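Everything numeric in this text was worked out from a predicted model, so none of it was measured.
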Amino acid sequence: MRIEWDVKLGFKDVMFRPKRSTLKSRALVDLGRTFRFMHTGTEWTGVPIMAANMDTVGTFEMARALAKRTLFTAVHKHYTVDEWRGFFAGAPEGIADYVAVSTGTSDEDLKKLVAIGGENPQLRFICIDVANGYAEHFVDFVKRARERFPDKVILAGNVVTGEMVEELLLSGADVVKVGIGPGSVCTTRVKTGVGYPQLSAIIECADAAHGIGGQVISDGGCTIPGDVAKAFGAGADFVMLGGMLAGHDESGGDLIEKDGGKYKQFYGMSSATAMEKHAGGVADYRASEGKAVEVPYRGAVEGTVNDIMGGVRSTCTYVGASMLKELTKRTTFIRVAEQENRVYDGK
């Protein structure tokens, strides 16, 4: 047993230190990024905010809505081959640049992935998603996927330490998802005691990835637009959102009317609710590591997207970054004991 004594930080532990800026308006900030991926050599351009591959967030409807703004959706893995075929039959041209097909790591998952890819050759992105990215079989699956799909961009995770980011990138991933336990409907830290504060995880993992030409996705922990900005400031190339995009028309989950209000279901993909729906229940050798909640219904997702993007643009103006690419270079975080004055809780 050993203890690391240096303090690890989450989003609530820091704020940006403002810096002199020549920007006259938030409208002058460019949130677009262009990335070249290390294994395929291909490029992607867009706003690097992602909808998480949860079936109450990463839906086909969400993908259509976000792609209009060049935002990305990691589509959840429970759509069938036929449903994927139907999605592309009616989807706008170029939408394949802004969606990933998600998969687990079983033999059946691989067969389904091959079938979806075979029928939809325009798909560019594969998201290999497991809760524990430290398992040897996960690394082996990434290697197999790279051999089987040499021309696809592979997103893989989740991990929280630099050495595992490097191993996944060298095994065939182009982009590594970072985050264990920070999600709003994730209970991994409660059930297992395992985790890593998200801001420090991003800093360490981004440093490792950028050193060898890869990228990272900050996955989980953002509850407000300022958190999204902090993730980018810490070095994240992409920021993946779950709870912030839940509760909308385009989100999955049932619409519930209760006590005069409207709510939508939102649950973690390792929750008992998800496993009852997709796997027939929680296996007797494991525990549920997610929860199911009802979030207030929020209408169309476009309003939330505008709020998030507006917040990040404003961050950039406060630190003098004219484009998102410059934000991490202009970032100085200060340690804080408080974030906001909560005397009034109204909107």
Self-check item: Donor-acceptor side-chain pairing of His248 and Thr304 below 3.5 angstrom
Solution: yes
Quiz item: Does CZ belonging to Arg69 count more than 12 external heavy atoms closer than 6.0 Å?
Solution: yes
Exercise. Run the salt-bridge test on Glu340 and Arg342 with the 4.0 Å N-O cut-off and return the result as yes or no.
Key: yes
Practice problem: Please indicate whether Glu136 has more than 12 foreign heavy atoms, meaning atoms of other residues, nucleotides or ligands, lying under 6.0 Å from its CD. | Solution: no
Quiz item: Should the ring pair Phe60 and Tyr79 be called parallel, tilted or perpendicular, given that the plane angle runs from 0 to 90° and is split at 30 and 60?
Solution: parallel
Exercise. Report the hydrophobic cluster partners of Ile334, with the cluster defined as I, L, V, M, F, W, Y residues connected by side-chain heavy atoms closer than 4.5 angstrom, directly or transitively.
Key: Met15, Val336
Practice problem: For residues Phe232 and Ile49, determine if any side-chain heavy atom of one lies less than 4.5 Å from a side-chain heavy atom of the other. | Solution: yes
Quiz prompt | Electrostatic pair Asp13-Arg335, nearest N-O below 4.0 angstrom | solution = no
Practice problem: Output all residues satisfying ring pair (Phe, Tyr, Trp, His ring centres under 6.0 Å) with Phe238, sequence neighbours left out; order by chain, then residue number. | Solution: Phe35, Trp44
Quiz item: Roughly how far apart are Leu110 CG and Ile128 CD1, rounded to 0.5 Å?
Solution: 9.0 Å
Quiz item: When you check the gap from the basic side-chain N to the acidic O, do Asp249 and Lys264 get nearer than 4.0 Å?
Solution: no
Practice problem: Measure the NZ-OG1 distance between Lys19 and Thr317 for me, rounded to the nearest 0.5 Å. | Solution: 14.0 Å
Exercise. Decide, yes or no, whether a salt bridge links Lys8 with Glu204 under the criterion of side-chain N to carboxylate O below 4.0 Å.
Key: yes
Quiz item: Can Thr161 and Tyr134 be counted as having a side-chain donor-acceptor contact under 3.5 angstrom?
Solution: yes
Quiz item: Is a salt bridge present between Asp109 and Lys111, judged by a nitrogen-to-oxygen distance below 4.0 Å?
Solution: no
Quiz item: Under 3.5 Å, is there a donor-acceptor pair linking the side chains of Thr56 and Gln265?
Solution: no
Quiz item: Is a salt bridge present between Lys325 and Asp237, judged by a nitrogen-to-oxygen distance below 4.0 Å?
Solution: no
Quiz item: How far apart are the C-alpha atoms of Ser171 and Glu167, what are their side-chain angles, what is the distance that settles it, and do they pass the side-chain hydrogen bond (donor to acceptor under 3.5 Å, both in side chains) test?
Solution: CA-CA 6 Å; Ser171 296; Glu167 181 164 357; 5.0 Å; no
